Trainee: 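Input: one structure, supplied below.
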Amino acid sequence: MKVKLFNSDGRELQEFEPIENGKAGLYCCGPTVYNYAHIGNMRPYTFEDVLRRTLEYAGYKVTHVMNVTDVGHLTDDGDEGEDKMIKSAREQGMTVWEIAEFFTKAFFRDTERLNIHVPHQVCLATKHIQEMIDMVKTLEEKGYTYTSGGNVYFDTSKFPEYGKMAGLDKQELQHGARTDVDENKKNAQDFVLWFTNSKFENQAMTWESPWGVGYPGWHLECSAMSSKYLGPHFDIHCGGIDHVPVHHTNEIAQSEAANGCKWVNYWLHNEFIIMKNGKMSKSKGGFLTLQDLVDKGYDAMDYRYFLLAGHYRSQLIFTWESLDAARTAREGLLKKTAQLKAKCSPVDPEDFTDAAVRVRQDFQDHISQDLNTPRCLADIWSALKNNELTDGEKLGLLLDMDRIMGLKLADAELEEENAEPLDSEIEQLILKRQEARKNRDFALSDKIRDDLLARGIQIIDSPDGPKWKKS
RNA sequence: GGCGCCGUACCCAAGCGGCUAAGGGAGUGGAUUGCAAAUCCAUCAUUCAGCGGUUCGAGUCCGCUCGGCGCCUCCA
């Protein structure tokens with residue numbers, strides 16, 4: 001299976017050609033663990049998970065690397081943007097290290113609930129300070145840096161290709177439009193590699209370096225760690241679309257300058273989840289976490305389904321109505337899968353008839369067309385409705401497709417009715433209701449039904465007698 | 001000011017110039033039911049913001065207009 005991906009570098013669909021035959025190196029920008037991740041933050045990890053699964057499905061041996069930004073970039077107390085959670089954590093006397101650990105755990109709990117594979121290599125920025133220092137040294141030796149105001153800067157004028165992917169050369173940027181201009185910079189786009197002179201007081205995390213005690217620049221970690229685990233030239237780098245103009249632009253500059261070769265072949269960027277009134281952010285409100293959805297009674301996997309229903313490069317509008325639709329659809333899909341499981345075994349793709357082979361081929365065409373997951377969901381539903389297929393083939397197809405979609409279809413179980421024992425009082429009520437129905441006393445029978453529902457027992461009348469489900 | 005994206009049914013959302021415009025949700029009709037719920041079946045855009053152009057052929061390409069969004073600070 002050939003996989004076509006939209007490469008931000010060049011802005012076109014390209015067939016994936018690995019550097020090393022049969023292998024794929026994948027680096028993904030990870031979370032900054034100084035707050036809970038909101039549901040918009042979870043989109044890249046879900047999309048990257050689908051990408052990884054697709055590459056694996058296509059037969060590649062994938063090495064998936066992700067960083068965790070646990071270096072403290074804490075702002076001072078006067079920062080209005082500071083999250084209440086961080087503030088309260090600090091008030092509770094947690095150190096930045098403890099805060100980082102706390103939110104790292106929270107992050108991986110979320111990704112687990114979304115059935116996102118843990119990357120093969122999760123690297124903490126704080127464990128790779130030496131690699132970052134080495135990289136700055138290399139850049140310094142090669143003449144790409146200067147020191148000013150106590151900080152080491154990358155001199156973008158020494159790197160002619162600067163901003164090529166982002167098309168920055170075509171733009172007339174308004175520098176200082178929203179931030180103070182750093183007077184120490186030679187060029188407006190230069191960025192700090194190593195800080196010894198923080199504009200923030202009380203920097204909690206600092207390390208020794210040839211330039212003095214300080215901490216690394218914000219872009220350095222991805223360059224240093226990706227090269228360590230994937231080499232100076234690797235296949236794919238992913239991240240949010242917002243990273244293109246600054247973070248990834250700077251990563252490319254410092255990596256290629258330091259390594260002296262092309263760094264990344266394919267750049268993949270996901271678009272944002274937006275709320276009705278725009279981007280999800282603390283300031284605009286609508287900061288929802290996965291836990292918020294769970295608290296409202298949704299399954300985290302409903303959110304995965306919701307994400308898969310939109311293409312990763314399109315802005316996706318989050319509404320509760322959409323999430324409801326995703327929940328209903330996912331539950332229905334699970335139920336149908338469970339029904340198939342109950343009556344047959346899956347047919348192995350090797351033994352598919354032509355009709356099933358065609359369905360599978362369609363699915364593969366769609367996923368390999370820049371990960372068209374919405375279309376793939378349609379393929380799943382079409383397979384269920386396709387009467388050219390046997391039940392065993394349908395099940396075989398579902399399980400095969402779910403290797404990429406990750407909806408846990410293999411775990412689908414029929415909801416057991418009458419499974420849980422009822423206490424005798426409820427049992428009596430059910431019997432009483434049956435009696436009332438027999439006597440056509442529907443006022444009474446409906447009242448009992450309502451009462452039971454209020455106690456969490458849903459009655460389902462069927463020809464074989466009443467069944468019940470605990471809700 | 002500059003750069004970029006988008007506008008498809010009631011909602012979400014696919015659609016790489018060419019068979020009858022995917023799929024899900026909601027709705028509607030029917031089966032079933034004492035009635036509900038659940039389930040099953042069926043149905044649901046002659047039309048893709050508007051206008052103009054290119055083409056044998058356009059939702060898909062080009063131009064303009066209107067409307068929405070993102071970026072140029074950290075941000076997924």
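If you're wondering where the values come from, they're calculated on a predicted model, not measured in any experiment. Chain identifiers are assigned alphabetically (A, B, ...) following the order of the sequence lines, protein sequences preceding nucleic acid strands; residue numbering begins at 1 within each chain.
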Trainee: Taking the P atom of each, how far is B/rC5 from B/rC61, in whole Å?
Mentor: 11 Å

Trainee: Under 4.5 Å between any side-chain heavy atoms of A/T373 and A/H311, yes or no?
Mentor: no

Trainee: Using a 4.5 Å cut-off on heavy atoms from C-beta on, say whether the side chain of A/P31 contacts that of A/F103.
Mentor: no

Trainee: When you get a sec, tell me which of B/rA76, B/rG34, B/rA22 is the closest nucleotide to the side chain of A/R375?
Mentor: B/rA22

Trainee: Given atom OH of A/Y298 and atom C1' of B/rG25, what is their separation to the nearest angstrom?
Mentor: 12 Å

Trainee: When you measure from the side chain of A/H38, which nucleotide among B/rG4, B/rC11, B/rA76 comes out closest?
Mentor: B/rA76

Trainee: Round to a whole Å and report the spacing from CD1 of A/I448 to P of B/rC35.
Mentor: 19 Å

Trainee: Would you mind reading off the distance between A/Q369 atom CD and B/rA22 atom C1', rounded to a whole angstrom?
Mentor: 15 Å

Trainee: Under 4.0 Å, counting only non-hydrogen atoms across every strand here, what does A/N372 touch: a base, just sugar-phosphate, or nothing?
Mentor: sugar-phosphate

Trainee: Quickly work out the A/H311 NE2 to B/rA14 P distance and round it to whole Å.
Mentor: 8 Å

Trainee: Does A/D461 make a side-chain donor-acceptor contact with the base of B/rC35, cut-off 3.5 Å?
Mentor: yes

Trainee: Any side-chain heavy atom of A/L407 within less than 4.5 Å of one from A/L377?
Mentor: yes

Trainee: Is it the case that over 12 heavy atoms from other parts of the model lie below 6.0 angstrom from the CG atom of A/N439?
Mentor: yes

Trainee: Under 4.0 Å between any heavy atoms, over every strand shown, what does A/A378 touch: base, sugar-phosphate, or nothing? Just pick one.
Mentor: base

Trainee: Would you say the side chain of A/D242 and the base of B/rG70 hold a donor-acceptor pair, judged only by whether the two atoms sit under 3.5 Å apart?
Mentor: no

Trainee: In whole angstroms, how far is the C1' atom of B/rC16 from the CZ atom of A/R313?
Mentor: 11 Å

Trainee: Tell which nucleotide pairs with B/rC56, taking only Watson-Crick or G-U wobble pairs whose two distances are both under 3.5 angstrom.
Mentor: B/rG18

Trainee: Tell me the partner of B/rG7, counting only Watson-Crick (N1-N3 plus N6-O4 or O6-N4) or G-U wobble (N1-O2 and O6-N3) with both under 3.5 Å; none if nothing fits.
Mentor: B/rC66

Trainee: Return the nearest nucleotide to the side chain of A/P374; candidates are B/rG24, B/rA13, B/rG34.
Mentor: B/rA13

Trainee: Quick one: which of B/rA76, B/rA13, B/rG23 gets closest to the side chain of A/I317?
Mentor: B/rA13

Trainee: Where the side chain of A/I460 is defined as all heavy atoms beyond and including C-beta, which of B/rA37, B/rA76, B/rC74 is the nearest nucleotide?
Mentor: B/rA37

Trainee: Under a 3.5 Å cut-off for both distances, is B/rU47 Watson-Crick or wobble paired, and to whom?
Mentor: none

Trainee: Determine the Euclidean distance between corresponding P atoms of B/rC11 and B/rU46; express it in Å to zero decimal places.
Mentor: 14 Å

Trainee: Stacking between A/F272 and B/rA76, defined as ring centres under 5.5 angstrom apart with planes under 30°, is that present or not?
Mentor: yes

Trainee: Between the side chains of A/D451 and A/K447, is the shortest nitrogen-to-carboxylate-oxygen separation below 4.0 Å, so that they form an ion pair?
Mentor: yes

Trainee: When we call it a touch if two heavy atoms are under 4.0 Å apart, what does A/H243 touch: a base, just sugar-phosphate, or nothing?
Mentor: sugar-phosphate

Trainee: Please determine, for the side chain of A/R433, which listed nucleotide (B/rG34, B/rC71, B/rA76) has the closest atom?
Mentor: B/rG34

Trainee: If you only use heavy atoms from C-beta on, which nucleotide in B/rC12, B/rC71, B/rC69 is closest to the side chain of A/P245?
Mentor: B/rC71

Trainee: Does the plane of the ring in A/Y215 sit parallel, tilted or perpendicular to the ring in A/F195? Use 30° and 60° as the thresholds.
Mentor: parallel

Trainee: Of all the nucleotides listed (B/rC75, B/rG24, B/rC71), which has the minimum atom distance to the side chain of A/H247?
Mentor: B/rC75

Trainee: Report the residues that fulfil side-chain contact (heavy atoms from CB on, under 4.5 Å) with A/E17, sequence neighbours left out, ordered by chain and then residue number.
Mentor: A/K2, A/E15, A/Y266

Trainee: Under 3.5 Å, is there any donor-acceptor pair linking the side chain of A/R449 to the base of B/rA37?
Mentor: no

Trainee: Taking only the P atom of each, what is the distance from B/rA13 to B/rG70 in whole angstrom?
Mentor: 15 Å

Trainee: Whole angstroms only, please: what is the CZ-P distance between A/R327 and B/rA26?
Mentor: 11 Å

Trainee: In whole angstrom, what separates A/N250's CG from B/rC75's P?
Mentor: 10 Å

Trainee: For B/rA42, give the paired nucleotide (Watson-Crick: N1-N3 plus N6-O4 or O6-N4; G-U: N1-O2 and O6-N3; both under 3.5 Å), or none.
Mentor: B/rU28

Trainee: In terms of the nearest nucleotide of RNA chain B, which residue is placed more toward the 5' end: A/T328 or A/F306?
Mentor: A/F306

Trainee: How far, in whole Å, is B/rC44 from B/rA21 if one measures between their P atoms?
Mentor: 12 Å

Trainee: Could you state the OH-C1' distance from A/Y305 to B/rA14, rounded to the nearest angstrom?
Mentor: 12 Å

Trainee: Taking the P atom in each of B/rG27 and B/rU8, what is the distance between them to the nearest angstrom?
Mentor: 22 Å

Trainee: Which part of the nucleic acid, if any, lies within contact of A/L316, taking any heavy atom under 4.0 Å across all strands shown: a base, the sugar-phosphate backbone alone, or nothing?
Mentor: sugar-phosphate

Trainee: If you check every side-chain atom of A/F442, which of B/rC69, B/rA76, B/rG34 has the closest atom?
Mentor: B/rG34

Trainee: Under 4.0 Å between a side-chain N/O of A/T32 and OP1 or OP2 of B/rC74, yes or no?
Mentor: no

Trainee: Could you give the distance separating B/rC16 and B/rG23 at their P atoms, to the nearest angstrom?
Mentor: 16 Å

Trainee: Pick the closest RNA chain B nucleotide for A/K385 and for A/K335 by heavy atoms, then say which residue is nearer the 5' end.
Mentor: A/K385

Trainee: Provide the distance between the two C1' atoms, one in B/rG15 and one in B/rC6, to the nearest whole Å.
Mentor: 15 Å

Trainee: Touch check for A/V246, heavy atoms < 4.0 angstrom, all strands: base, sugar-phosphate only, or nothing?
Mentor: sugar-phosphate

Trainee: So, applying side-chain contact (heavy atoms from CB on, under 4.5 Å) with A/M42, which one of A/T289, A/I273, A/L114 is it?
Mentor: A/L114

Trainee: B/rG7 and B/rG59: how far apart are their C1' atoms, nearest whole angstrom?
Mentor: 11 Å

Trainee: Can a side chain N or O of A/K336 be found less than 4.0 Å away from OP1 or OP2 on B/rC40?
Mentor: yes

Trainee: According to the Watson-Crick and G-U wobble definitions, with both distances under 3.5 Å, which nucleotide is paired to B/rC71?
Mentor: B/rG2

Trainee: Contact class for A/G40 vs. all strands (heavy atom < 4.0 Å): base, sugar-phosphate, or nothing?
Mentor: base

Trainee: Contact class for A/S314 (heavy atom, under 4.0 Å): base, sugar-phosphate, or nothing?
Mentor: sugar-phosphate

Trainee: Applying side-chain contact (heavy atoms from CB on, under 4.5 Å), can you list everything that pairs with A/T328, at least two apart in sequence or on another chain?
Mentor: none

